Protein chains: 2
Amino acid sequence: MATLADVARRAGVSTATASRIINGSSKPVTDELRARVLAAVAELRYVPNAHAQMLARNNRNAVGVLVHDVSDPYFAEITRGLQRVATASGRLTIICNTFREPERELEYIDLLHAHQVAAIVVAGSGYLSSDAETELDERMLAFEATGGRIAVIGRHHHASDAVLPANEEGGYLAGSHLFELGHTSVGVIAGPAALTTTADRLAGLQRSASAYGHSLQVVHSDFTRDGGEAATASLLASDPSVTAIAALNDSMAVGALAAMRAAGRFLSVIGFDDMPIARDVTPSLTSIRLPLTSLGERAMELALNPPPPNTPPRVETVPAELIRRDSTWPVAQRR
Amino acid sequence: MATLADVARRAGVSTATASRIINGSSKPVTDELRARVLAAVAELRYVPNAHAQMLARNNRNAVGVLVHDVSDPYFAEITRGLQRVATASGRLTIICNTFREPERELEYIDLLHAHQVAAIVVAGSGYLSSDAETELDERMLAFEATGGRIAVIGRHHHASDAVLPANEEGGYLAGSHLFELGHTSVGVIAGPAALTTTADRLAGLQRSASAYGHSLQVVHSDFTRDGGEAATASLLASDPSVTAIAALNDSMAVGALAAMRAAGRFLSVIGFDDMPIARDVTPSLTSIRLPLTSLGERAMELALNPPPPNTPPRVETVPAELIRRDSTWPVAQRR
DNA sequence: CGGTATCAGGAAAGCGCTTACCTCAGGCAA
DNA sequence: TTGCCTGAGGTAAGCGCTTTCCTGATACCG
């Protein structure tokens with residue numbers, strides 16, 4: 001492995017000069033030496049050791065991102081936004097999949113801390129139980145104490161800059177949409193009860209139910225296509241009066257569609273997040289749109305641009321919007 | 001930022017002892033000191049500086065992955081496999097999105113090289129033109145010269161361990177399936193012509209066309225849903241005799257379905273890759289399955305376990321398989 | 001009791017860089 | 001000519017760790 005010293009030796013200069021030339025330092029150097037050094041770099045295929053640079057420069061340039069799973073379209077969209085901003089400011093993004101295991105989250109926070117990242121963006125949902133979050137909070141504080149920045153997406157225990165999707169409002173929009181269509185018996189297929197995302201979306205749905213004077217049948221399952229399928233199947237089996245289903249994300253909604261095809265019963269379904277696939281399933285999915293990519297962008301901006309000192313954390317909310325498609329219709333209308 | 005020296009000072013020991021205790025070295029240490037050091041670690045919330053460790057230990061523990069875009073389901077699946085194996089062997093995975101820009105690929109290879117990763121897995125398709133690949137090859141050689149390992153997925157110019165999806169065979173299966181159903185005028189919506197993936201799948205399709213004595217209408221576009229939609233629209237408009245469409249990946253196939261809905265004409269469609277969504281669109285998509293996750297696993301295994309020295313690169317092929325669903329039917333049968 | 005093996009712990013030499021500071025020449029004004 | 005800048009380059013001190021080698025103390029042997 002060629003080192004700076006090798007390059008310097010080959011070019012017949014000191015490592016200081018070589019370093020300055022390679023990094024384009026402002027210190028003036030004669031063209032003669034510059035050429036010799038660059039030639040040596042090329043001949044030796046020299047690539048600087050990033051770790052040595054980090055150590056010597058003591059600046060942080062990478063950023064870390066904690067997501068449940070990048071291959072989940074929800075996080076894929078968010079990550080796209082995060083990366084766009086990070087890359088635009090010349091930073092390497094390290095993506096970590098936590099798979100919603102609190103253990104792994106802790107590990108990754110420490111790992112990113114150890115790697116001296118400039119900032120960490122936590123994109124996964126928070127947990128309701130503060131037990132699970134306390135330890136996480138500690139680690140984050142330790143990270144921040146060393147000058148690291150943290151931004152979270154969604155409701156978390158940790159007090160830092162945050163971008164909050166309007167989950168409650170979105171739930172309210174979803175419920176209201178169904179009730180306006182005349183549905184009175186609505187089933188909800190929800191994600192894990194422990195997540196704040198689930199809780200908030202559900203709360204919005206409950207609020208609309210109260211407003212319209214109806215009640216909800218809630219079944220919890222995984223935030224996945226298969227989770228949605230299973231939850232829908234059980235709902236269909238247990239309560240024949242349900243005429244509409246609100247899914248707390250689009251993956252579950254897609255599963256609901258599959259369960260209904262299997263059962264030969266077709267109820268109105270509304271999803272949540274408005275994933276790209278929503279318009280391509282049949283019927284195309286009515287959903288609550290969250291601008292996920294820009295949400296990611298915003299979170300990374302907050303993370304990279306610290307607020308003035310001694311200011312409270314900044315909290316921004318991004319709005320939810322109803323996107324009507326073909327999967328919801330008036331209750332009177334048979335399909 | 002607490003350093004090892006701070007911990008050592010606080011515990012009243014040398015940094016050597018502190019380091020040994022923290023890393024669980026085999027060197028014996030009295031319980032007394034051990035307790036003091038661990039207490040200091042906890043009080044100071046000490047997290048070792050990973051860069052300093054890398055430098056001092058001179059071992060490589062992270063691995064890098066180059067993909068076109070993790071949020072593309074094709075790469076998301078592969079990445080899942082790559083990560084599973086990397087994580088199982090205790091390695092951090094650094095995912096880099098190249099967005100198919102050769103420039104960015106070069107940059108990332110160097111960046112990963114600089115970060116002293118143990119291995120790089122290149123998961124994106126290769127390019128047909130060797131111009132584009134020559135420079136890449138150089139950088140890879142430079143990386144390998146320093147002891148780094150490389151494995152590629154798909155056909156690339158670089159001579160390293162490789163996992164090859166059976167693209168040609170899959171193309172042949174797809175074409176044969178359509179011709180067996182009696183189609184004689186088949187349109188192909190293909191990805192960018194510069195990619196080896198496109199070329200290979202197309203070659204298989206051509207082989208089947210020759211075998212059955214038919215010809216193909218090929219339209220190139222992006223490997224995306226919208227690319228597929230556009231290509232299909234133009235195919236539909238330009239050649240009314242086409243009765244079946246072969247898409248070179250599932251995203252394009254989904255776009256084809258959309259274009260057909262828009263045009264009110266429903267032709268048989270076969271996809272490629274068998275993404276999870278294939279079974280959830282309507283009609284459910286006949287596709288060529290590639291075991292993407294295990295393909296990723298295999299590639300990472302090759303990358304992490306070097307072959308015996310002076311052996312030719314290992315090349316493994318993973319088979320393609322036809323998955324019949326509802327989007328293809330005999331030509332005689334009207335829909 | 002001297003000599004040696006054993007053991008816990010520390011001193012210090014790097015790992016590959018960056019950069020503050022120093023040196024040495026040459027150029028200028030007085 | 002002397003004195004002093006200025007510019008080009010080198011010297012060397014770290015950055016935060018790991019690890020080799022060394023030290024000093026204790027235990028054990030004949």
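Because the structure is a prediction, the values reported are computed rather than measured.
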Residues touching DNA chain D, which here means a heavy atom under 4.0 Å, drawn from residues 37-57 of chain A: A/Leu55, A/Ala56
Side chains of B/Arg36 and B/Thr17, donor plus acceptor under 3.5 Å: no
Heavy-atom contact window of chain B on DNA chain C, given 5' to 3' at under 4.0 Å: C/dA8 to C/dG16
Main-chain N/O of A/Arg155 paired to A/Thr196 side chain as donor or acceptor, under 3.5 Å: yes
Side-chain donor-acceptor contact under 3.5 Å, B/Asp131 with B/Ser129: no
5' priority, DNA chain C, between B/Asn58 and B/Arg20 [closest heavy atom]: B/Arg20
Test item: A/Asp161 side-chain N/O and A/Arg314 main-chain N/O as donor-acceptor pair under 3.5 Å: yes
B/Gln116 (side chain) donor-acceptor with B/Arg60 (main chain) under 3.5 angstrom: no
Distance-only side-chain donor-acceptor flag, B/Ser71 / B/Asp69, under 3.5 Å: yes
Test side chain to side chain contact (heavy atoms under 4.5 Å, CB included) applied to B/Leu66 and B/Leu112, B/Val121, B/Leu136, B/Ile153, the passing residue: B/Leu112
Main-chain N/O of B/Thr98 paired with B/His68 side-chain donor or acceptor, under 3.5 Å: no
Integer-rounded Å distance: D/dA12 P and A/Leu4 CG: 17 Å
Separation of D/dT18 P from B/Asn61 CG (nearest whole Å): 13 Å
Among D/dG9, D/dT18, D/dT19, the nucleotide that comes nearest once only the side chain of A/Lys27 is considered: D/dG9
Atom pair CZ (B/Arg80) and CG (B/Leu292), whose distance is rounded to the nearest 0.5 Å: 10.0 Å
Protein-to-nucleotide contact annotation, 5' to 3' order, nucleotides 23-28 of chain D [B base; S sugar-phosphate only; - none; under 4.0 Å, heavy atom]: ------
Spacing of A/Arg9 atom CZ relative to D/dG9 atom P, expressed in whole Å: 20 Å
Sugar-phosphate, base or nothing in reach of A/Thr3, heavy atoms under 4.0 Å: sugar-phosphate
Contact under 4.0 Å: A/Thr17 side-chain N or O vs D/dG10 OP1/OP2: yes
A/Arg57 versus A/Asn23, side-chain donor and acceptor atoms under 3.5 Å: yes
B/Thr93 versus B/Gln83, side-chain donor and acceptor atoms under 3.5 Å: no
Any B/Ser19 side-chain N or O less than 4.0 Å from OP1/OP2 of D/dT18: yes
